[in-house]
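Below: one structure, written as structure tokens.
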Amino acid sequence: QVQLVESGGGLVQAGGSLRLSCAASGLTFSWYALGWFRQAPEKEREFVAAINRSGGNRYYAASVNGRFSISRDNAKNMVYLQLNNLKPEDTAVYYCAADQMGYGTRSPNDYEYWGQGAQVTVSS
């Protein structure tokens with residue numbers, strides 16, 4: 001049974017930082033690309049960042065490029081999202097997801113497995 005479990009969310013002031021973690025189990029982790037998505041109230045789920053199976057290629061949404069950083073540790077079955085210089089518009093539930101094609105894409109439809117999400121709230 002595949003499980004993705006996010007942690008590290010919370011409440012932070014604008015300009016602050018958080019680090020989200022996602023622990024994966026039940027899959028051959030190094031075969032999968034990993035992505036982070038977010039969903040704000042009354043908005044569609046949107047792409048945030050992705051990393052391919054080796055970690056050599058990383059992709060970011062324009063809105064977070066330069067502020068967020070995705071990384072992975074294949075030995076620990078972990079993927080991380082470092083969130084810096086947070087803004088109130090970053091407030092959302094953040095989800096990690098796994099894509100068995102391994103390349104890392106921006107479309108949520110390409111991801112087979114999803115975590116339950118972690119709330120990030122940025123106050124102004």
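We're numbering straight along the sequence, starting at 1. Note that the coordinates shown come from a computational prediction; the quantities given were computed from them, not determined experimentally.
Remark: Arg38 is not positioned above the aromatic ring of Phe47, lacking an NZ or CZ atom under 6.0 angstrom from the ring centre and at most 45 degrees off the axis. The side-chain tip of Arg19 points at the ring of Tyr80 from less than 6.0 angstrom away and within 45° of straight on.
Note: Tyr95 and Phe37 fail the aromatic proximity criterion, with ring centroids not under 6.0 Å apart.
With Gln3 contributing its side chain and Ala24 its backbone, the two residues share no donor-acceptor pair below 3.5 Å. Arg58 places a side-chain N or O within 3.5 Å of a backbone atom of Ile70 that can act as its donor or acceptor partner. Checking side-chain atoms of Arg67 against main-chain N and O of Gln82 turns up no donor-acceptor pair under 3.5 Å. Under the 3.5 Å distance criterion, the side-chain polar atoms of Gln119 are left unmatched by any main-chain donor or acceptor of Gly10. Side-chain atoms of Arg53 come within 3.5 Å of backbone N or O of Met101 as a donor-acceptor pair.
Nearest approach of Tyr32 to Ala98, heavy atoms of both residues: CD2-CB, 3.8 Å. Of all the heavy atoms in Gly8 and Leu18, the pair that sits closest is O-CD2, 3.8 Å. Here the closest non-hydrogen pair linking Glu6 and Ala118 is CB-CB, 3.9 Å. Residues Val79 and Ser71 share a closest heavy-atom pair of CG2-O, 3.2 Å. For the residue pair Asp73 and Phe29, the shortest heavy atom distance occurs at O-CE2, 3.9 Å. Considering all non-hydrogen atoms of both residues, Ser124 and Ala14 come closest at CA-CB, 4.4 Å.
Under the 4.5 Å side-chain criterion, counting only non-hydrogen atoms from C-beta, Leu20 is in contact with Val120. Side-chain contact between Asp90 and Leu83: absent, with no pair of heavy atoms (C-beta onward) separated by less than 4.5 Å. Side-chain contact between Val12 and Thr121 is absent, with no heavy atoms from C-beta onward closer than 4.5 Å. Side-chain contact between Trp114 and Pro108: present, with at least one pair of heavy atoms (C-beta onward) separated by less than 4.5 Å.
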With side chain to side chain contact (heavy atoms under 4.5 Å, CB included) as the criterion, how do Tyr103 and Asn57 come out once you've worked through the C-alpha distance, each side chain's angles and the decisive distance to 0.1 Å?
CA-CA 8 Å; Tyr103 302 118; Asn57 293 317; over 6 Å; no

Side chain to side chain contact (heavy atoms under 4.5 Å, CB included) assessment of Ser69 paired with Tyr60
CA-CA 8 Å; Ser69 178; Tyr60 297 95; 3.8 Å; yes

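The line from CG of Asp110 to CD of Gln100 is 10.5 Å long, rounded to the nearest 0.5 Å. To the nearest 0.5 angstrom, Leu27 atom CG is 10.0 Å from Glu112 atom CD. For the atom pair Met78 CE and Ser7 OG, the distance stands at 6.0 Å (nearest 0.5 Å). Between atom OG1 of residue Thr105 and atom CG of residue Asn52 there is a gap of 12.0 Å, rounded to the nearest 0.5 Å. Here the CG atom belonging to Asp99 is positioned 11.0 Å from the CG atom belonging to Asn109, to the nearest 0.5 angstrom. Taken to the nearest 0.5 Å, the OH atom of Tyr111 stands 11.5 Å off from the CG atom of Leu4.
Note on Val5: it does not cluster hydrophobically with Val93, by side-chain heavy-atom contacts below 4.5 Å among ILVMFWY residues.
Few gaps surround CD on Glu89; more than 12 heavy atoms of other groups in view lie less than 6.0 Å from it.
With respect to Phe68, the side-chain contact (heavy atoms from CB on, under 4.5 Å) criterion is satisfied by exactly one of Leu86, Asn85, Asn84: Leu86.
Side chains of Asn74 and Ser30: a donor-acceptor N/O pair is absent below 3.5 angstrom, by distance only.
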